[in-house]
Structures are given as structure tokens and as C-alpha cells.
Amino acid sequence: MDRLERHLPADCARVAVICDRNVSVLGRRLRSQLRRSGRHVELVLATGGEALKSWSIAGRMVERLAAAGIGRRDCVVAVGGGSVGDLAGFVAATLNRGVAWIGVPTTLLAMVDSAIGGKTGVNLNAGKNLAGAFWQPRAVLADPTLLDTLAPRELISGLGEVAKYAMIEPEGELFRLLDASLPRLLAHDVEALAATVERCAAIKAAVVTGDTREGGPRAVLNYGHTVAHALEALAGYGRLTHGEAVAAGMRVAGAISMAQTGCPPADIVWQDQLLDGIGLAPPPPQPIDGVLQRLGGDKKAVAGQARWVLLERRGRPRTGEIVPEALVRRSLTEVLRR
Ligand SMILES: NC(=O)c1ccc[n+]([C@@H]2O[C@H](COP(=O)([O-])OP(=O)(O)OC[C@H]3O[C@@H](n4cnc5c(N)ncnc54)[C@H](O)[C@@H]3O)[C@@H](O)[C@H]2O)c1
């Protein structure tokens with residue numbers, strides 16, 4: 001947080017700090033810090049969570065920032081989890097046709113995933129994240145000490161995305177890091193968290209740099225997400241955490257990979273044991289037909305047919321895979337009916 005000022009645009013006189021109420025102490029600290037350097041600060045406290053990502057809240061916030069005189073040369077700072085980051089980034093993208101923004105993620109999920117890559121947006125009645133913009137932040141400042149107050153379920157949810165990176169990363173660095181430090185991560189050990197966040201951020205940044213508008217290679221990041229999106233929609237958003245849904249999706253994609261691409265079973269055993277160790281057990285039984293139906297309606301489906309990310313082995317993902325329905329059904333049943 002102390003380094004934030006050096007990332008502000010050179011002649012920025014006003015800063016809007018959009019901050020999750022659960023970490024309001026950080027927002028207030030930032031306000032004092034920025035005021036000391038003579039800047040006007042508009043502090044907006046928001047209740048984090050999926051309900052925040054709404055068109056009407058985004059609209060009210062754009063109006064408020066415009067009324068506070070936030071202009072082209074100024075800056076928005078998002079302090080919070082992915083919900084605050086997605087909303088604040090979208091507000092920044094929209095105001096004055098785009099003002100600079102900086103992310104200060106305060107959940108593990110936001111540090112390793114949502115704050116990086118420039119996808120911003122809100123939900124519509126028709127579905128999640130259906131309105132938004134690609135708008136890159138000037139900087140993302142991730143400080144793992146900010147995770148001290150995070151609820152265990154939220155930390156575990158973030159570790160679900162971390163496990164995903166470990167399965168798609170070609171170098172295998174994260175895989176070794178997790179093998180060596182999972183208990184320390186679960187105990188909020190700052191050094192272990194810092195090393196993990198750094199590695200995940202580097203993986204995501206590398207993938208996204210090659211595909212800023214999600215035309216192709218970025219799809220590898222969706223390993224586990226085909227089923228995750230269906231489960232989240234079925235359960236109702238917010239019931240299952242994103243990490244819980246992704247973990248279930250990885251188990252299904254892993255089972256399919258073994259059958260379709262010949263992925264070595266040992267890699268999937270490692271994955272499933274990692275998820276068990278994190279505390280991401282398979283969710284309660286789910287209606288298989290309901291999940292199957294949702295898969296065809298996924299945003300990334302083509303002509304009603306889901307496109308899967310599968311693994312040839314750990315560290316070698318394959319995108320755009322079409323999977324026969326019988327195999328999907330069998331794998332869903334194995335994971336979701338246990
Ligand atoms: N833009 C992207 O590329 C991208 C990628 C993945 C996920 N997302 C989005 O991210 C959102 C989920 O983000 P999330 O998991 O961070 O959830 P979140 O923002 O809803 O935060 C989870 C909870 O933790 C609280 N919280 C945040 N920081 C805290 C802290 N340091 N201490 C205590 N409590 C704290 C929040 O108030 C909230 O209640 C979803 O809307 C998802 O669509 C976006």
C-alpha cells in the first residue's frame with residue numbers, strides 16, 4: 001500500500017478509492033496517505049459479494065465519481081476481493097470513456113486471478129459477467145499480509161484456483177511449491193503465500209499477455225471452469241464459492257482427460273489429493289441432467305456443445321476439446337454422485 005502512489009498517473013489530482021467494507025480500515029489508511037500528498041480522495045465503501053456486481057450499482061458509482069470531479073487524468077483504486085475489483089474496474093472503464101485504475105486485491109482469489117488480466121464487469125439478469133470491458137489496471141499491488149483477516153472458506157476458495165494453475169503450468173514450479181508448502185499456506189504463512197501469489201500472478205500474466213482479449217490461448221485458464229460455471233448457476237450464485245465449483249470441475253475434467261487424451265492417472269490422483277488436502281471435497285450430489293443441460297448453454301460453448309480444456313498430462317493443457325456426452329455423463333456421475 002505504501003508503494004501505491006508511485007503508480008498513480010503523473011498529474012493525478014483526484015483519486016477514487018472503492019473499498020470493500022470488510023477492509024474499510026485499509027481504505028481509510030489509503031485516504032490519509034493520499035491526502036498527505038495533497039490529493040483529493042473520494043472514499044466509496046461497498047459491500048463486497050456477488051450482489052455488488054450489478055448494472056444499477058455501477059451506474060450509481062459512475063455518477064458519484066463524476067460528481068466528485070474524477071476526470072481523465074485521475075485514478076480509481078479498487079481495494080477488495082474480485083467483486084469489488086470487477087465492479088471498480090468496470091466503473092473506471094466507463095467513466096470519461098476510461099480512467100486509470102489500480103487494483104489492491106484483498107482475497108487470495110483476487111490476488112492470483114481476478115485482479116490480473118483486465119477483465120472487468122457486472123452481472124445481468126441474463127447471466128454472470130455479461131456486461132463489461134477489457135480494461136487493464138496500471139498496477140496490481142498484492143500484499144499477502146492483507147489476507148490475515150480472510151475467512152478460512154475464502155482462503156480455501158482461492159487455493160482452488162491455485163490448484164488449477166498447478167495443473168496447467170508447463171514448468172511445474174507451482175506443483176513443487178504446493179507439494180512443499182500446503183500446510184503453511186493453509187495456516188496463512190505470509191512467505192508461503194507470497195511465493196504462491198507471485199508464481200500464480202506470473203502464470204496468469206504470461207497467458208494473458210499473449211491473448212489480452214481472450215481470442216484463443218487464454219482459454220487454458222478455464223481448466224475446470226466448464227462444469228464450475230454450470231454448478232454455480234445451478235446452486236445459485238454465492239452458495240458454492242468459486243473455488244469449490246472449480247475444484248469439482250477439475251475433478252470432472254481430470255476424469256475425462258484420462259479417458260479422452262490418455263492423461264496419466266498419477267497426475268489426476270495428485271490433483272484430487274491436492275484438492276482433498278486443501279479442503280475442497282466434492283460438493284453434495286447434484287442433478288446430472290441439470291448440469292448437462294447447463295454445459296450446452298455455457299458462454300464458451302459452440303452451437304450448444306461445450307468446449308473443454310483437458311490435460312494431456314499435468315502442465316500440458318489442450319483447449320477446444322469436444323467430449324462425447326456419454327463420457328461427460330459418466331465422469332459427472334463419478335464425481336458428483338459419490
Ligand atoms: N475479472 C476476472 O478475471 C475474474 C476472475 C475470477 C473471478 N472473478 C470474479 O471475482 C468474484 C469473486 O471474488 P472473491 O472470491 O474475491 O469474492 P468477493 O469479492 O465476494 O469477496 C469474498 C468475501 O470476502 C470479503 N473480504 C474481502 N477481502 C477480505 C479480507 N482481507 N478480510 C476479510 N474479508 C474480506 C468480502 O467482503 C466478501 O464478503 C466473482 O464475482 C467472480 O466473477 C473475476
Side-chain angles (χ1 to χ4, degrees), residues 1 18-27 29 45-54 57-58 78-93 101 103-124 127-137 140-162 164-165 188 190 193 197 200-201 203-205 207-208 211-214 218-219 221-225 228-229 231-233 236-247 249 299:
M1 294 274 272
I18 302 179
C19 178
D20 190 311
R21 248 180 252 286
N22 275 331
V23 290
S24 60
V25 68
L26 298 174
R29 201 177 105 195
L45 292 180
T47 302
E50 211 48 48
L52 180 67
K53 288 175 47 175
S54 88
I57 293 177
V79 184
S83 57
V84 169
D86 279 12
L87 175 89
F90 182 54
V91 165
W101 76 287
V104 181
T106 65
T107 63
L108 182 60
L109 184 106
M111 288 183 189
V112 300
D113 188 4
S114 67
I116 301 159
K119 277 211 240 170
T120 73
V122 296
N123 303 325
L124 299 180
K128 200 167 138 72
N129 296 328
L130 285 186
F134 287 97
W135 189 237
Q136 299 291 343
V140 178
L141 306 174
D143 177 350
T145 61
L146 302 184
L147 301 176
D148 282 351
T149 52
L150 198 62
R153 192 174 175 206
E154 296 298 342
L155 186 80
I156 287 172
S157 173
L159 286 172
E161 285 289 348
V162 171
K164 174 201 79 180
Y165 288 121
H188 282 247
V190 170
L193 284 167
V197 167
C200 293
I203 298 169
K204 178 144 186 196
V207 172
V208 162
D211 182 14
T212 49
R213 293 184 65 90
E214 206 171 32
R218 196 166 171 157
L221 298 170
N222 282 327
Y223 178 61
H225 285 61
H229 292 148
L231 289 177
E232 283 176 310
Y237 290 109
R239 295 263 180 84
L240 278 179
T241 65
H242 188 58
E244 287 161 359
V246 168
K299 257 193 293 186

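Sequence positions, counted from 1, serve as the residue numbers for this chain. For ligands, and for the atoms within them, numbers begin at 1 and follow the listed sequence.
Inspection of the Glu232 and His225 side chains reveals no N or O donor paired with an N or O acceptor under 3.5 Å.
With a 4.5 Å cut-off on side-chain heavy atoms, Leu45 and Cys19 count as touching. Within the 4.5 Å cutoff, the side chain of Asp113 has heavy atoms near those of the Tyr165 side chain. Inter-residue side-chain proximity for Leu147 and Leu193 is flagged as met; some heavy-atom pair is nearer than 4.5 Å. Put simply, the side chain of Lys164 reaches to within 4.5 Å of the side chain of Leu221, judged on heavy atoms. Residues Leu146 and Val23 have side chains not in contact (no heavy-atom distance under 4.5 Å, counting atoms from C-beta outward). Proximity of Val84 to Val79: side-chain heavy atoms (C-beta onward) are nowhere separated by under 4.5 Å.
Ligand-side atoms of ligand 1 in range of Lys53: 9 (C), 40 (C), 41 (O), 42 (C), 43 (O), range being under 4.0 angstrom from any heavy atom.
Shortest contact from atom 4 (C) of ligand 1 to any protein heavy atom: Ser114 CB, 3.2 Å. Among protein heavy atoms, atom 25 (C) of ligand 1 sits closest to Asn22 ND2, 3.8 Å. Of the protein's heavy atoms, Asp86 OD2, 3.4 Å lies nearest to atom 9 (C) of ligand 1. Nearest protein heavy-atom neighbour of atom 32 (N) of ligand 1: Thr149 OG1, 2.7 Å. Of all protein heavy atoms, the one lying nearest to atom 17 (O) of ligand 1 is Gly82 N, 4.2 Å. Closest to atom 36 (C) of ligand 1, if we only count protein heavy atoms, is Asp20 OD2, 3.1 Å. Of all protein heavy atoms, the one closest to atom 19 (O) of ligand 1 is Ser83 OG, 2.6 Å.
Atom CZ of residue Arg153 and atom OG1 of residue Thr241 lie 5.5 Å apart, to the nearest 0.5 angstrom. Annotation: the span from Ile116 atom CD1 to Met111 atom CE amounts to 10.0 Å, rounded to 0.5 Å.
Under a 4.0 angstrom heavy-atom cut-off, Gly49 registers as being in contact with ligand 1. Residue Asp113 places a heavy atom less than 4.0 Å from ligand 1.
Of the candidates His225, Lys204, Glu50, Lys128, it is Lys204 that places a heavy atom closest to atom 3 (O) of ligand 1. Of the candidates Thr107, Leu147, Leu108, the one placing a heavy atom closest to atom 26 (N) of ligand 1 is Thr107.
A donor-acceptor pair under 3.5 Å is absent between the side-chain atoms of His242 and the main chain of Ser157, judged by distance alone. Formation of a donor-acceptor pair under 3.5 Å by the Arg218 side chain with backbone atoms of Gly117 is found in this model. Formation of a donor-acceptor pair under 3.5 Å by the Asn123 side chain with backbone atoms of Asn129 is found in this model.
Under 4.0 Å from ligand 1, heavy atoms of Thr106 appear from its side chain as well as its backbone. Under 4.0 Å from ligand 1, heavy atoms of Leu150 appear from its side chain as well as its backbone. Neither the backbone nor the side chain of Glu161 has any atom closer than 4.0 Å to an atom of ligand 1 (non-hydrogen atoms only). Residue contacts with ligand 1 for Met111 are absent, since no atom lies close enough (heavy atoms, distance under 4.0 Å). Contacts with ligand 1 closer than 4.0 Å are made by side-chain heavy atoms of Glu154 only, the backbone lying farther away.
At a 3.5 angstrom cut-off on N or O pairs, Leu146 counts as close to ligand 1. Checking only distances, Thr120 never comes within under 3.5 Å of ligand 1, N or O to N or O. Residue Leu109 places no N or O, backbone or side chain, under 3.5 Å from any N or O of ligand 1.
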